[in-house]
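Written below as structure tokens is the structure these notes are about.
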Amino acid sequence: MPPSNAKKELLESFLRTTDEFFSLNEFEELIDSKKKLRIKYGVDVTSPYLHIGHAVNLWMMRELQDLGHKVIFLIGDFTTQIGDPTGRNNTRPIIPQSEIDKNADEFIRQAKMVLRFDDPDLLEIRRNSEWFSKYNLSEFLKLLAMVTHSRLISRDMFQRRIKNQEDIYLHEMIYPILQGYDSYVLESDLTIIGSDQLFNEMLGRFYQQKFGQKPQVIITTKITQGIDGKAKQSKSLDNYIGLGHSSRDKFGRCMKVPDELIVDYLKIYTKISIEEISIIDKEIVKDPMKWKKFLAEEIIKRYHDEASATREREWFENTFSKKITPEDIPTMEVVDSQWIAIDLINKYFDNSKSNSEVRRLFKQGAVSINGKNIPLFDDTIDIAAGDVVKVGKRNWFKLNIISS
RNA sequence: GGGGAGGUUCCCGAGUGGUCAAAGGGAACAGACUGUAAAUCUGUCGGCUCAGCCUUCGAAGGUUCGAAUCCUUCCCUCCCCA
């Protein structure tokens, strides 16, 4: 039987962002089976910041949703109490339940930018405390009896710690077992993950087989460097484009991406066709900025809309290329029309910067009013309503004088 | 239980009695340059009533004219042995 068009399209689309299938054959079988798939999407809600890297996985799931498959959005509220040791060279702090709930809400708010949450046939929300909080010890021991110690410590991360003579706490070793068991409980057919989760999800396959279930297919996705061109995107390095960022920030952050990364970003983070990207790849040296803006617009279109994309591009061009003071800047209301320069700026920053820091800004020539540089922080200046103050590259505000 | 190493400014990491607000790197910020919030270059990067003063080097005491550096106690982290 020749592959259907839909399947072909799906595979092509998936190949673009897939690192590895475990296995491709099994995946194709799943698609061919015409079965409504259950896609496990397990979430660690330690910190609720989704970036466009996470969203790569979400978009793949969204594609499956659009074909009628169902995402099981699994909040790992129980396992979060343990803390996933993945990628950590030290033990993760444990966060309280109230925090977990709050984070889960925020997480969902962001995931909604990609996944459909509106149809219970396409998405259901579960929590693994449902089964683990009342799980009994003898059952648990049976689970443990199925896995050997050497299998668990074969994990690269554990190996690293052993090599460095660092501690491995027992609950950390249990974590993969619990995550794996989730797959069995949810009868997962498929899960789409970062490659760092591979070991845990492989245990899912293991347990499913042990319990007579068909093992889930695992798809790991490609990872690109962060916007600083270094490590992968992360909150702590602040080198990510977050789903929670405003469209303006998304645009700016895209512009921060090193030129060399533009093509990779187009491949992974947009739906621009591969053919078109290969043309861009050849063109790009001539005018990297043009294509970086293009990338930024595409990304904003994906999470917001076309109008925002255009608006932010224009804002960026006007503000940074043409150096036109933007229209939509905050207004600061003041009473007096005569100020010591530094007091005015301090008022704007509202104690978020120290006096020394603000003085430095003056010294470095970062402060201007209506385009005229104010070099001395202790100058007395006369201001009028409508005056525009600029501090550094990205801070502007307008003055409004109110009568007391 | 025994032995050893260590806790330095946002991060990494030098510094072992004065020349230390503390090297170097990273991050960040500013300026220049640029078609980019890329790259590159330069500068800044504890606080203040700022050419001076004040507070920092896990905590508290002590020695000294003078301590991040020496001593004492305490707290914490890591490693080894049993």
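Order of the sequence lines sets the chain letters (A, B, ...), proteins ahead of strands, with each chain counted from 1. Model, not experiment: these values are computed from the prediction.
Atom C1' of B:rU73 sits at a distance of 26 Å from the matching atom of B:rC80, rounded to the whole Å. Using atom C1' as the reference point in both B:rC48 and B:rG3, the two lie 48 Å apart (nearest Å). Comparing B:rC10 with B:rC29, their C1' atoms are spaced 13 Å from each other, to the whole Å. Atom name C1', nucleotides B:rG26 and B:rA32: the rounded distance is 23 Å, in whole Å. With P as the reference atom, B:rA59 and B:rU8 are 10 Å apart, rounded to whole Å. On the C1' atoms, B:rC81 is 26 Å away from B:rC74, given to the nearest whole Å. When the P atom is used for both B:rG46 and B:rA82, the distance is 48 Å, rounded to whole Å. Nucleotides B:rU64 and B:rU72 place their C1' atoms 16 Å apart, quoted to the nearest Å.
Distances shown here put a side-chain N or O of A:K230 below 4.0 Å from the OP1 or OP2 atom of B:rA27. Residue A:S354 places none of its side-chain N or O atoms closer than 4.0 Å to OP1 or OP2 of B:rG46. Phosphate contact (OP1/OP2 of B:rU49, side-chain N/O of A:N355, threshold under 4.0 Å): present. Under 4.0 angstrom from either OP1 or OP2 of B:rC29 there lies no side-chain N or O belonging to A:R360. Residue A:R359 has a polar side-chain atom (N or O) positioned under 4.0 Å from OP1 or OP2 of B:rU49.
The aromatic rings of A:W315 and A:F320 sit perpendicular to each other, their planes meeting at more than 60°, with 30° as the lower class boundary. Using bins of under 30°, 30° to 60° and over 60° for the plane-to-plane angle, the ring pair A:F362/A:F377 lands in the perpendicular bin. Using cut-offs of 30° and 60° on the angle between ring planes, the pair A:Y181 and A:F211 is perpendicular.
Counting atom types as modelled, A:Q364 pairs no side-chain N or O with a base atom of B:rG31 as donor and acceptor under 3.5 Å.
Backbone-only contact: A:K256 has heavy atoms under 4.0 Å from sugar-phosphate atoms and none from a base.
Among B:rG47, B:rU36, B:rA30, the nucleotide with an atom closest to any side-chain atom of A:E357 is B:rG47. The side chain of A:L361 approaches B:rC29 more closely than any other nucleotide in the set B:rC29, B:rG31, B:rU34. Picking from B:rU36, B:rU49, B:rA30 the nucleotide with the shortest atom distance to the side chain of A:K393 gives B:rA30. With B:rA38, B:rU36, B:rA30 as the candidates, the nucleotide lying closest to the side chain of A:A366 is B:rA30. Distances from the side chain of A:S356 to the nucleotides B:rA37, B:rC50, B:rU44 place B:rC50 closest.
Using N1 to N3 plus N6-O4 or O6-N4 for Watson-Crick, or N1-O2 and O6-N3 for G-U wobble, each under 3.5 Å, B:rG1 pairs with B:rC81. B:rC10 is paired with B:rG26 under the criterion used here, namely a Watson-Crick or G-U wobble arrangement in which both key atom distances are under 3.5 Å. Pair assignment for B:rC33: none, as no Watson-Crick or G-U wobble contacts are both less than 3.5 Å. Within the shown strands, B:rG58 is the pairing partner of B:rC74 under the Watson-Crick or G-U definition, both distances less than 3.5 Å.
The residue from A:Y303, A:Y240, A:Y49 that alone fulfils the ring pair (Phe, Tyr, Trp, His ring centres under 6.0 Å) condition with A:H245 is A:Y240. For the side chain to side chain donor-acceptor pair (under 3.5 Å) test with A:S183, the passing option among A:R205, A:R38, A:K40, A:Q208 is A:K40; the others fail.
Mapping A:G392 and A:D228 onto RNA chain B by nearest heavy atom places A:G392 at the nucleotide closer to the 5' end. Judged by closest nucleotide on RNA chain B, A:K390 is the one of A:R394 and A:K390 placed further toward the 5' end.
Distance CD1 (A:I227) to P (B:rA38): 10 Å, rounded to an integer number of Å.
A donor-acceptor pair under 3.5 Å is formed between the side chain of A:Q110 and the backbone N or O of A:L50.
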